[in-house]
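Heads up: the structure comes next, in structure tokens.
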Amino acid sequence: PPFARGVRVLAGDEATRAFRLDFFSDAAATNPAYSIEVTAGAPAPLTDLTPDITAVVMTNTGAAPLVEGARAIFELGI
């Protein structure tokens, strides 16, 4: 959302899940403005959003599928 300051994604078993978050400032762009990798065993970081980010895409990079019910938690900055 345009009023969010940060995002944290909670998905799967922290010990085994791995994913990449891509942050886009232009919905038509093929390359993200920036990305972060969340490796297996690492905690889900709270990632600051630059003011122009309009979309966040999560890609599973682990060997196992992510369980249903992955959630993005946004920190609001109003």
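The model shown is predicted, which means the values in this text are computed figures rather than measured ones.
Counting heavy atoms from C-beta on, the side chains of R20 and I36 never come closer than 4.5 Å.
When all heavy atoms of D26 and T54 are compared, the closest pair comes out as N-OG1, 4.2 Å. The two atoms that bring S25 and A33 nearest to each other are OG-CB, 4.2 Å, heavy atoms only.
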*Would you check, one step at a time, whether the test side-chain contact (heavy atoms from CB on, under 4.5 Å) holds for D22 with T59?*
CA-CA 8 Å; D22 296 319; T59 303; 4.2 Å; yes
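Under a hydrophobic clustering in which Ile, Leu, Val, Met, Phe, Trp and Tyr are joined whenever their side-chain heavy atoms come within less than 4.5 Å, directly or via other members, F24 and Y34 fall into different clusters. No continuous path of hydrophobic side-chain contacts links V57 to V38 [ILVMFWY only; heavy atoms under 4.5 Å].
A distance of 7.5 Å separates CZ in F23 from CD1 in I53, rounded to the nearest 0.5 Å.
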